[in-house]
Amino acid sequence: MGKKLVGLDIGTTAVRAVEVDNPQQPRPTILRFGEAPLPEGAVRAGEVVDSATVTAAIRSLWTQGGFRTKDVVMGVGNSKVLARDIKVPRLPLNQVRESLPFQVQDLLPVPATEALLDFYPAAETEGENGPMLSGMLVAAIKAPLLVNVNAAIAAGMNPQNVDLSPFALTRLFSSSESANMTTLLVHIGAATTTLVALDGHVPHFVRLLPSGGADITKGISQRMDISARDAEAIKRSVGVVAARATAEQRPALEVSFELVNETLLAIRATMQYFQNARENRAIDRIVMSGGGSRLLGLVETVSEFTKVPASQPDPFSMVTVARDLRGTGDVHDMSLALGLVTGVSA
Ligand SMILES: Nc1ncnc2c1ncn2[C@@H]1O[C@H](COP(=O)(O)OP(=O)(O)OP(=O)(O)O)[C@@H](O)[C@H]1O
Ligand SMILES: [Mg+2]
């Protein structure tokens with residue numbers, strides 16, 4: 001047994017954790033996983049609002065899940081995170097990272113000292129003034145991040161790192177078979193949607209949208225004047241499959257179609273952007289994850305709309321699973337927590 005590490009995903013609807021052995025391996029072994037639900041309003045748009053509730057949920061998750069370590073990697077991925085392509089003079093990566101505050105201040109809405117900055121190199125190019133590195137700049141405002149980290153610390157955790165969720169998903173879903181392919185990752189949560197366009201294992205474009213499955217539930221509840229719980233149940237039973245809706249459920253179907261349409265347009269725009277920026281290299285496949293992508297008929301709809309094969313793989317099929325694996329919650333909901341501890345240097 002090697003070093004153990006837990007990916008801790010504080011989502012809008014639940015706190016989730018996945019413990020792995022040897023996280024630095026491309027296929028680490030999952031030892032245990034679990035989920036503790038959160039009441040509405042405890043987390044909004046990726047930011048912890050009610051710290052005491054979130055801390056209590058993390059505590060209970062550890063007690064019930066039997067996790068053996070409190071060393072955690074946490075995720076961040078809300079629409080306030082900025083991710084964009086930049087070019088910087090080619091230097092060793094640690095020097096590039098040190099120079100970021102000076103290079104990117106103009107791109108940031110806050111002083112660089114108030115942001116966490118990182119750079120992910122994609123390619124080396126020749127510029128007018130010498131060799132350059134092109135890659136992705138990632139900037140996240142520190143203050144809200146610290147609130148999330150502090151909620152974990154208050155539960156007794158030792159956060160080792162905070163990673164951007166698009167990169168966690170990239171590490172999980174870009175397998176060796178996809179090394180020569182281009183992929184669009186579409187992760188739909190309750191309040192956030194993450195789009196990542198990959199060439200092989202390298203993310204070239206990230207888009208974080210402040211919308212998700214909860215908007216559909218809310219829309220149905222408002223249009224049909226029913227409770228959120230009833231709206232959620234109708235949403236799950238009808239999805240975007242016209243044949244499944246009774247006459248009474250028709251308005252729910254319409255709401256789902258309207259909101260899914262926005263996601264489809266965002267997907268198409270991202271694919272187009274990628275293709276234009278990558279010398280006409282099109283997206284070969286779409287990999288979907290997150291609870292919102294479980295909407296009945298959605299994967300098929302995305303595939304029909306984009307004319308690109310779309311799938312929703314079991315995240316645990318990407319790694320090795322311990323023989324005595326146990327856990328609570330649906331494995332499909334563990335993709336982000338697992339990605340946070342896949343292929344990282346611990
Ligand atoms: N079977 C299903 N059919 C339709 N929608 C579903 C299904 N299962 C889950 N969802 C939706 O998925 C959403 C929750 O997804 P997920 O658990 O990935 O979000 P989260 O991590 O809590 O939130 P976020 O990542 O946005 O902070 C909810 O809106 C829920 O209604
Ligand atoms: Mg989530």
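One-based numbering, in listed order, for ligands and for the atoms of each.
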Enclosure of Glu40 CD (heavy-atom neighbours >12, cutoff 6.0 Å): no
Proximal atoms of ligand 1 relative to Leu295 (non-hydrogen, under 4.0 Å): 3 (N), 4 (C)
Pairwise distance OG1(Thr306) to CG(Leu264) - rounded to 0.5 angstrom: 8.5 Å
Heavy-atom closest contact (Glu248 atom, Pro251 atom, distance): O-CD, 3.3 Å
Check: Gly292 N/O within less than 3.5 Å of ligand 1 N/O: yes
Numbered atoms of ligand 1 (with element) below 4.0 Å of Gly290, judged on heavy atoms: 18 (O)
Which of the ligand 1 atoms, numbered from 1, are nearer than 4.0 Å to a heavy atom of Lys235: 5 (N), 11 (C), 29 (O), 30 (C), 31 (O)
Of the listed options Gly213, Ala228, Ser335, Gly291, closest to atom 11 (C) of ligand 1 (non-hydrogen atoms): Gly291
same_hphob_cluster(Val88, Leu82) at 4.5 Å side-chain heavy-atom cutoff: yes
Numbered atoms and elements of ligand 1 in range of Ala214, under 4.0 angstrom, heavy atoms: 29 (O)
Contact (N/O only, under 3.5 Å) between Gly11 and ligand 1: no
Test applied, salt bridge (Lys or Arg N to Asp or Glu O under 4.0 Å); reference residue, Glu19; option that passes from Arg68, Lys70, Arg326, Arg32: Arg32
Thr13-ligand 1 polar pair, N/O distance under 3.5 Å: yes
Which of the ligand 1 atoms, numbered from 1, are nearer than 4.0 Å to a heavy atom of Arg16: 16 (P), 17 (O), 20 (P), 21 (O), 22 (O)
Residue and atom name of the nearest protein heavy atom (relative to atom 19 (O) of ligand 1), distance in Å to one decimal: Ala190 N, 3.0 Å
Sub-4.0 Å heavy-atom approach of His187 to ligand 1: no
Note: Glu114-Lys142 ion pair, threshold 4.0 Å (strictly below): no
Any donor-acceptor N or O pair under 3.5 Å, side chains Thr182, Asp199: no
Heavy-atom check, side chain of Met74 versus side chain of Val76, under 4.5 Å: no
Atoms in ligand 1 flagged as close to Thr12, the criterion being non-hydrogen separation under 4.0 Å: 20 (P), 22 (O), 23 (O), 24 (P), 26 (O), 27 (O)
Residue that, paired with Ile234, satisfies side chain to side chain contact (heavy atoms under 4.5 Å, CB included) out of Thr217, Leu253, Ile226: Ile226
Which residue and heavy atom of the protein sit nearest atom 25 (O) of ligand 1, plus the separation: Thr192 OG1, 3.5 Å
Atom indices of ligand 1, in the order listed, that fall short of 4.0 Å to a heavy atom of Glu232: 30 (C), 31 (O)
Arg278 and His204: side chain donor to acceptor below 3.5 Å: yes
For atom 26 (O) of ligand 1, the protein heavy atom that lies nearest, with its residue and separation: Ala191 N, 2.7 Å
